[in-house]
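As structure tokens, the structure follows; a few thoughts come after it.
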Amino acid sequence: MPRPLVTRAVDAVLDRSVVLGYTTIGLAVRRALPGWPADPPAGALSGRHVLVTGASSGLGIATVEGLADLGATVHLLVRDEAKGAAVADRIRAGRPTAELRLWRCDVADLDDVRRFATDLSAVVPDLHAVVHNAGVMPPERTESPQGFELSMAVHLLGPVVMTEALREPLAGGRVVLVSSGGMYGQPLHADDPAYRQGDYSPTTAYARSKRWQVEMAPLLAERWSADDITVATMHPGWADTPGVRDSLPRFRAITRPVLRDDAQGADTSVWLAAVEPAPETGRFWHDRVERPTHLLRRTRPSGDERADAWAWLVEAAGLT
Ligand SMILES: NC(=O)c1ccc[n+]([C@@H]2O[C@H](COP(=O)([O-])OP(=O)(O)OC[C@H]3O[C@@H](n4cnc5c(N)ncnc54)[C@H](OP(=O)(O)O)[C@@H]3O)[C@@H](O)[C@H]2O)c1
């Protein structure tokens with residue numbers, strides 16, 4: 001159903017106000033307006049395999065549950081096997097028919113990512129979707145095993161290397177990159193992907209890496225279109241997860257009454273993985289609707305900056 005003009009107008013006001021749009025209020029109002037995109041039908045993912053990273057906490061758990069509820073066999077990628085097993089047990093307790101498989105991998109470690117992709121490909125020949133949900137906000141500047149700044153490694157390099165290594169089973173499938181509304185405040189900084197210039201700030205490092213996801217998505221979409229793989233970036237709004245509790249306690253104290261629950265934060269990831277036909281590739285989504293990638297002129301990269309960023313990514317992720 002096309003979205004009526006009044007829906008689009010109210011939605012745009014919610015979106016630009018940030019506080020209203022990103023909270024439970026935004027989702028509740030949008031759901032109530034005419035033109036809210038329909039839920040995928042029951043069983044939409046039955047017989048399909050979907051991989052979710054960061055499946056041991058917050059939005060990752062809710063994404064696994066949402067996908068399992070649609071009938072998918074869900075592969076939970078976790079970095080802590082014991083924590084992941086406890087999560088899988090809890091999900092199975094509430095959903096006895098859920099088909100869940102547990103995998104251990106450190107998304108920041110590109111060697112481990114390649115090892116994992118080889119292992120998964122050996123037993124899952126046909127992967128419908130990957131939801132790259134794992135996320136971090138390192139309190140101090142930290143480097144990955146290969147020497148990359150950690151948020152760039154977890155949010156961009158790990159997902160790109162993993163997807164590239166999974167191209168064969170993922171042919172005809174989908175990639176969802178979980179970004180953040182925080183990226184609206186940051187330009188690309190293509191000249192400093194290692195974040196060596198200026199004082200390190202956890203929120204800035206986090207938001208920059210999320211900006212990179214969104215800026216690189218159209219180029220990745222073009223690359224992977226050769227295998228008919230689509231790419232979507234999305235942001236979940238603000239949800240009351242362990243990540244927010246640990247990394248942003250003051251923000252949480254102020255916003256807590258209106259923060260989304262985990263399922264509300266995961267709604268668009270699940271929808272993007274399941275809706276038919278696959279949403280147009282390379283686009284940025286929130287609450288089931290395509291969103292602008294920039295709200296401020298100062299964050300728009302030039303063609304040269306985007307090209308420099310792509311050249312860095314090609315080199316860093318070993319895309320040949
Ligand atoms: N919550 C929000 O309001 C919000 C807003 C915007 C964007 N997001 C994004 O949504 C995603 C999920 O966030 P969340 O709030 O659910 O955070 P969370 O509760 O901190 O969960 C993050 C997950 O990522 C995993 N992870 C972190 N580093 C990893 C690594 N190197 N290898 C493998 N797994 C790793 C964590 O594993 P452990 O369980 O072992 O720690 C955890 O399962 C993130 O990408 C985040 O940036 C969230």
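What's counted below: heavy atoms across the whole structure, side chains too, no hydrogens, waters or symmetry copies.
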- Looking at A273 and V176, what are the two nearest heavy atoms and their distance? N-CG2, 4.4 Å
- Message: Between L188 and V214, is there shared hydrophobic-cluster membership here, with clusters defined by ILVMFWY side-chain heavy atoms closer than 4.5 Å?
- Response: no
- Is it true that D287 and R260 make a salt bridge, defined as a side-chain N closer than 4.0 Å to a carboxylate O? yes
- May I ask whether I25 and V10 are part of the same hydrophobic cluster, defined by side-chain heavy atoms of I, L, V, M, F, W, Y residues being less than 4.5 angstrom apart, directly or through others? yes
- Criterion salt bridge (Lys or Arg N to Asp or Glu O under 4.0 Å) on R92 and E65, from CA distance to verdict: CA-CA 9 Å; R92 283 192 193 103; E65 291 175 338; over 6 Å; no
- Of all heavy-atom pairs between L100 and A88, which one has the smallest distance, and what is that distance? CD1-O, 3.9 Å
- Task: Answer whether the closest heavy-atom distance between the side chains of L157 and L110 falls below 4.5 Å.
- Result: yes
- Salt-bridged, R174 to E276, with N to O below 4.0 Å? yes
- Message: When you measure from the side chain of R245 to the backbone of D240, do you find a donor-acceptor pair of N or O atoms at a distance under 3.5 Å?
- Response: yes
- Going by distance alone, is a donor N or O of one side chain under 3.5 Å from an acceptor N or O of the other, for H294 and T299? yes
- Message: V74 vs E99, test: side-chain contact (heavy atoms from CB on, under 4.5 Å). Steps then yes/no.
- Response: CA-CA 6 Å; V74 190; E99 291 283 347; over 6 Å; no
- Name the orientation class of the two ring planes belonging to H155 and Y206 (parallel below 30°, tilted from 30 to 60°, perpendicular beyond 60°). perpendicular
- Message: Here's a test for you: under side chain to side chain contact (heavy atoms under 4.5 Å, CB included), which of V175, T53, L120 qualifies with M162?
- Response: T53
- Item | Backbone N/O of T204 and side chain of S201: donor-acceptor pair under 3.5 Å | yes
- So, do H75 and V52 sit near enough that their side-chain heavy atoms are less than 4.5 Å apart? no
- CZ-OG1 distance between R211 and T293, expressed to the nearest 0.5 angstrom: 6.0 Å
- Flag the pair D106 and R115 as a salt bridge only when some basic side-chain nitrogen lies within less than 4.0 angstrom of an acidic carboxylate oxygen. no
- Task: Ignoring hydrogens and angles, tell me if any N or O in the side chain of K210 forms a donor-acceptor pair with the backbone of A205 under 3.5 Å.
- Result: no
- Query: Is there side-chain contact between L170 and H128, with at least one heavy-atom pair below 4.5 Å?
  - Reply: no
- Item | Closest non-hydrogen atom pair between V113 and C105, with its separation | CA-SG, 3.8 Å
- Query: Any idea which heavy atoms bring G185 and L296 closest together, and the distance?
  - Reply: CA-CD1, 4.4 Å
- Query: Under 4.5 Å between side-chain heavy atoms, hopping through other hydrophobics if needed: is there a path connecting V131 to L77?
  - Reply: no
- Query: Any Lys/Arg nitrogen of E81 or R79 sitting under 4.0 Å from an Asp/Glu carboxylate oxygen of the other?
  - Reply: no
- Item | Results of side-chain contact (heavy atoms from CB on, under 4.5 Å) for D80 - residues two or more places apart only | A82, K83
- Task: Please report the closest heavy-atom contact between A317 and R114, naming both atoms and the distance.
- Result: O-NH2, 3.4 Å
- Message: In this structure, is the centre-to-centre distance between the rings of W212 and W312 below 6.0 Å?
- Response: yes
- Should L248 and L259 be counted in the same cluster of Ile, Leu, Val, Met, Phe, Trp and Tyr side chains packed under 4.5 Å apart? yes
- Task: List the steps, then state whether side-chain contact (heavy atoms from CB on, under 4.5 Å) holds for T73 with R48.
- Result: CA-CA 6 Å; T73 296; R48 302 203 152 163; over 6 Å; no
- With under 30° as parallel and over 60° as perpendicular, where do the rings of Y184 and F284 fit, or are they tilted in between? perpendicular
- Task: For the pair R141 (side chain) and Y195 (backbone), establish whether a donor and an acceptor sit closer than 3.5 Å, ignoring hydrogens and angles.
- Result: yes
- Hey, are the side chains of D119 and W103 touching, using non-hydrogen atoms and a 4.5 Å cut-off? yes
- Item | D109 side chain vs D111 backbone, donor-acceptor pair below 3.5 Å | yes
- Query: Looking at residues at least two apart in the chain, or sitting in another chain, which of them share a side-chain contact (heavy atoms from CB on, under 4.5 Å) with D11?
  - Reply: R3, R30, V289, R291
- Query: Any side-chain donor paired with an acceptor under 3.5 Å for S151 and E149?
  - Reply: yes
- Message: Looking only at the aromatic ring of each residue, does the gap between the centers of H235 and Y22 stay below 6.0 angstrom?
- Response: yes
- Does the side chain of D126 reach to within under 4.5 Å of the side chain of P169, using non-hydrogen atoms? no
- Query: Under 3.5 Å, is there a donor-acceptor pair between the side chain of T255 and the main chain of F251?
  - Reply: yes
- Query: Hey, mind stepping through R306 and L219 against side-chain contact (heavy atoms from CB on, under 4.5 Å) and telling me if it holds?
  - Reply: CA-CA 10 Å; R306 197 178 279 109; L219 298 163; 4.1 Å; yes
- Task: Would you check if the side chain of N133 reaches a backbone N or O of G54 as a donor-acceptor pair within less than 3.5 Å?
- Result: yes
- Query: So which heavy atom on P218 is nearest to which on G282, and how close?
  - Reply: CG-O, 3.8 Å
- Task: Could you check if a side-chain atom of S269 sits within less than 4.5 angstrom of a side-chain atom of H132, using non-hydrogen atoms only?
- Result: no
- Residue pairs, two or more places apart or on separate chains, that pass salt bridge (charged side-chain N to carboxylate O under 4.0 Å, His left out) and touch residues 37-46: D39-R288
- Item | Salt bridge present between R223 and E164 (N-O < 4.0 angstrom) | yes
- Any link between M183 and V231 through a network of hydrophobic side chains (Ile, Leu, Val, Met, Phe, Trp, Tyr) touching at under 4.5 Å? no
